[in-house]
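Here the structure comes first, spelled out in structure tokens, and everything after it is commentary.
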Amino acid sequence: MTSGNGADMIDWDLAVATANRLVRPGPDVGRDEARAVVAELRAHAKTSEEHVRAFTGLDAGDNDTPVLVVDRPGWARANVQGFRHVLRPLLDKVEERRETMPGGAALGAVGGKVTGLELGTLLAFLSSRVLGQYETFAPQTPGATGRGPGRLLLVAPNIVQVERELGVDPHDFRLWVCLHEETHRTQFTAVPWLRDHLEQEIHGFLGQTEVDPSAVLGRLREAVSAFAGARRAGGTGEGEGDGPSLVELVQTPEQREILGRITAVMSLLEGHADFVMDGVGPQVIPTVTEIREKFAERRAQGTGRFDLALRKLLGMDAKLRQYRDGERFVREVVGRVGMEGFNRVWTSPNTLPTKAEVADPGSWVDRVHGRAGTADEAGAEGPTDAE
């Protein structure tokens, strides 16, 4: 995993080894129970595919992307492979910069170890929190660097742990999780251009990254000063109105512009998945109301002050807003123009909502549908079960 142009700027093998060493053990599950959980998750993933297609009207064709039920180390390994692909432009840029620096080779070797440790530590932390993931940029094979067709990951020990913590029906909860993740798989398989568009945006973001150490250090100092100033002004670092995270502060203006577009897309994808869960859930999951309420409370609160602080530092609290704002966007648009009208969002990159439109769904409806046709389209389809 360490071969290839620019790839030695991150010691990928060390990242995997670090994640494996630091990952927390999962819940106590016997062998027979573990096999039953894996089998049920696979069955629910297949069932969810049919429910999602029927509810959304999205045609994913012959969806042959794999479904992998993994443990925490397996999730970390899979994401290392994805990172290696998506970070390629940045790694190549750093490699070019390193070749012109005195002692660049030695610095790169040391930096690769440090970065590998950092990445492995972060993945170990996240591996106990992720329930499922559609890995959009999966490689073709475990050792390959090219892009594969994507794959759905379900992290079995985390699903079992959360269902126990919440005290909900395990069979219902597993299907509920699968509905969300299967929606993501359907989004990318039914909308072929979506993955390439998102990858181009990410590569554009990485291409704007400043690799000059002095410039990065200067921006970081400015970010720390701004962050500290906000804290002195009364911010707690735990609320939504406390300003940007350190990660956001060290970005260039060009990166913030690209990030705004990426955030809008991610809000759409996450909100759409939540909307589908709520729409399908009452039909197939008897305890969906209890699950939704308990999980929403858990999602908002985190697991402690350290977790809240780290989420703020990394900008992960923005993801919580993506679920909320994106779901509201989808719900309001479907309420105005029906599901078929909403599905125009998947026509091209030009019909994706902007960040401003996510906050103001009516403006997207006006731009894509026009004011005259809005009432007629909404009346033709009527409200959905999710309303």
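Just so you know, residue 1 is the first one in the sequence shown, and it goes up from there. Keep in mind that what you see is a predicted model, and the values were worked out from it rather than measured.
- Side-chain contact between L119 and W12: present, with at least one pair of heavy atoms (C-beta onward) separated by less than 4.5 Å.
- Nearest heavy-atom pair across G167 and E290 is O-OE2, 3.9 Å.
- Going from atom OG1 of T189 over to atom CG of L194 covers 10.0 Å, rounded to the nearest 0.5 Å.
- Using a 4.0 Å cut-off between a side-chain N of Lys or Arg and a carboxylate O of Asp or Glu, R185 and E181 do not qualify as a salt bridge.
- The side-chain contact (heavy atoms from CB on, under 4.5 Å) with F342 is formed by just one residue from the set R336, R331, H272; it is H272.
- Side-chain atoms of D325 never come within 3.5 Å of backbone atoms of A359 as a donor-acceptor pair (strictly under, hydrogens ignored).
- One finds the CD atom of Q161 at 10.5 Å from the CD atom of E163 (value rounded to the nearest 0.5 Å).
- Scanning both residues, T347 and W193, for their nearest heavy atoms gives O-NE1, 3.4 Å.
- Under 4.0 Å is where a charged nitrogen must lie from a carboxylate oxygen, and between E33 and R164 at least one such pair does.
- Annotation for A45 and V67: closest pair CB-CG1, 4.0 Å, computed over non-hydrogen atoms.
- For the atom pair E254 CD and R256 CZ, the distance stands at 9.0 Å (nearest 0.5 Å).
- The NE2 atom of H171 lies 10.5 Å from the OG1 atom of T287; values are rounded to the nearest 0.5 Å.
- The side chain to side chain contact (heavy atoms under 4.5 Å, CB included) search around V368 returns R344, W364, not counting sequence neighbours.
- Side chain of H369 to main chain of V337: no donor-acceptor pair is present (N/O by atom type, distance under 3.5 Å, no hydrogens or angles).
- Residues that satisfy the side-chain hydrogen bond (donor to acceptor under 3.5 Å, both in side chains) test with W75, not counting sequence neighbours, are Q133.
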For L175 and S48, what are the C-alpha separation, side-chain angles and deciding distance, and is it a side chain to side chain contact (heavy atoms under 4.5 Å, CB included)? CA-CA 7 Å; L175 177 56; S48 297; 3.5 Å; yes
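- In this structure, A19 and A76 approach most closely via the heavy-atom pair CB-CB, 3.8 Å.
- No more than 12 heavy atoms of other residues, nucleotides or ligands lie within 6.0 Å of NZ in K355, so this atom counts as exposed by the packing criterion.
- A donor-acceptor contact shorter than 3.5 Å links the side chain of S127 to the backbone of A124.
- Judged by distance alone, the side chain of R72 and the main-chain N or O of R24 form a donor-acceptor pair under 3.5 Å.
- Looking only at distances, no side-chain donor or acceptor of N79 sits under 3.5 Å from a matching main-chain atom of G82.
- The backbone N or O of V16 sits nowhere less than 3.5 Å from a side-chain atom of R77 that would complete a donor-acceptor pair.
- Partners of D169 according to the side-chain hydrogen bond (donor to acceptor under 3.5 Å, both in side chains) rule, which considers only residues two or more places apart in sequence or in another chain, do not exist here.
- Between H203 and E199, some side-chain heavy-atom pair lies under the 4.5 Å cut-off.
- A donor-acceptor pair under 3.5 Å is formed between the side chain of N158 and the backbone N or O of V130.
- To the nearest 0.5 Å, atoms CG (L152) and OG1 (T136) are separated by 10.5 Å.
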When you look at T65 and F188, which way does the side chain to side chain contact (heavy atoms under 4.5 Å, CB included) test go after all the steps? CA-CA 10 Å; T65 55; F188 282 95; over 6 Å; no
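- With sequence neighbours left out, the side chain to side chain contact (heavy atoms under 4.5 Å, CB included) criterion links R21 to T18, L117.
- Every side-chain hydrogen bond (donor to acceptor under 3.5 Å, both in side chains) that H180 has, sequence neighbours left out, goes to H184, E270, D274.
- Closest approach of H197 to V265, counting heavy atoms only: NE2-CG2, 4.5 Å.
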Could you please spell out the steps behind the side chain to side chain contact (heavy atoms under 4.5 Å, CB included) verdict for V70 and V155? CA-CA 5 Å; V70 298; V155 191; 4.2 Å; yes
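- Annotation: salt bridge (Lys or Arg N to Asp or Glu O under 4.0 Å) contacts of E201 (sequence neighbours excluded): R261.
- Under the 4.5 Å side-chain heavy-atom criterion for Ile, Leu, Val, Met, Phe, Trp and Tyr, M266 and L58 are members of the same hydrophobic cluster.
- Using a 4.5 Å cut-off on side-chain heavy atoms (C-beta onward), I159 and R174 make contact.
- The hydrophobic clustering, which links ILVMFWY residues whose side-chain heavy atoms are closer than 4.5 Å, places F125 and L22 apart.
- Between the OG1 atom of T47 and the CG atom of L179 there is a distance of 9.0 Å, given to the nearest 0.5 Å.
- One N or O on the side chain of Q255 and one on the backbone of F205 form a donor-acceptor pair closer than 3.5 Å.
- Across every non-hydrogen atom of P353 and F329, the tightest pair is CB-CZ, 3.7 Å.
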Would you sort out whether Q187 and T56 count as a side chain to side chain contact (heavy atoms under 4.5 Å, CB included), showing the intermediate values? CA-CA 10 Å; Q187 290 164 348; T56 64; over 6 Å; no
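- Put simply, V160 and V23 are part of two different groups of oily side chains (I, L, V, M, F, W, Y) that touch within less than 4.5 Å, one to the next.
- In summary, R328 and E332 engage in a salt bridge, as defined by a charged side-chain N under 4.0 Å from a carboxylate O.
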